[in-house]
Amino acid sequence: MTSIRLKIASPERVVFDEEVDQVSVPTKNGQISILPHHIPLITNLAPGELVIRKGVEEVEIAISGGFLEVNT
């Protein structure tokens, strides 16, 4: 199965850096989910809950904003 490399960084440190199956994030235009082979994208993040899925495991992280870059 194909996975995606997810790296979450704050100004102080890298918070998360692993291979995952899916990530869902709140954006200024609504919730989006990123899966393997997603098109390249840059978007602003809204305050809310970022959800990381890896197999049957689900991790939720509160975010206050930022930006998301998807590249291949």
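Count residues from 1 along the sequence.
To the nearest 0.5 Å, atoms CG (Leu41) and CG (Leu68) are separated by 5.5 Å. Taking CD1 of Ile8 as the start and CG of Leu6 as the end, the distance is 4.5 Å to the nearest 0.5 Å. Taken to the nearest 0.5 Å, the NZ atom of Lys7 stands 13.0 Å off from the CD atom of Glu18. We find the OG1-NE2 distance between Thr2 and His37 to be 4.0 Å, quoted to the nearest 0.5 Å. Between the CD1 atom in Ile52 and the CZ atom in Phe16 there is a gap of 4.0 Å [rounded to 0.5 Å]. Rounding to the nearest 0.5 angstrom, the gap separating the OG atom in Ser3 from the CZ atom in Arg53 is 16.0 Å.
Counting heavy atoms from C-beta outward, Glu49 and Pro26 have side chains that stay 4.5 Å or more apart. In this structure, the side chains of Ser10 and Val15 come closer than 4.5 Å at one or more pairs of heavy atoms. At least one side-chain heavy atom of Asp17 sits less than 4.5 Å from a side-chain heavy atom of Arg5.
Nearest heavy-atom pair, His38 versus Ser33, reported as atom, atom and distance to 0.1 Å: CD2-O, 3.9 Å. Closest of all the heavy-atom pairs between Ile39 and Val70 is O-CG1, 3.6 Å.
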- request: List the steps and the verdict of side-chain contact (heavy atoms from CB on, under 4.5 Å) for Ile32 and Val25.
  value: CA-CA 6 Å; Ile32 63 170; Val25 297; 3.6 Å; yes

query: Should Asn44 and Thr27 be marked as a side-chain contact (heavy atoms from CB on, under 4.5 Å) after you check the CA-CA gap, both sets of side-chain angles, and the distance that decides it?
result: CA-CA 6 Å; Asn44 290 322; Thr27 72; over 6 Å; no

message: Before you tell me yes or no, could you show the steps for Leu45 and Ile63 under side-chain contact (heavy atoms from CB on, under 4.5 Å), namely the whole-Å CA-CA distance, both residues' side-chain angles and the distance that decides it to 0.1 Å?
response: CA-CA 8 Å; Leu45 296 176; Ile63 61 171; 4.0 Å; yes

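At a threshold of 4.5 Å between side-chain heavy atoms, the hydrophobic network of Ile, Leu, Val, Met, Phe, Trp and Tyr places Val20 and Val59 in one connected group.
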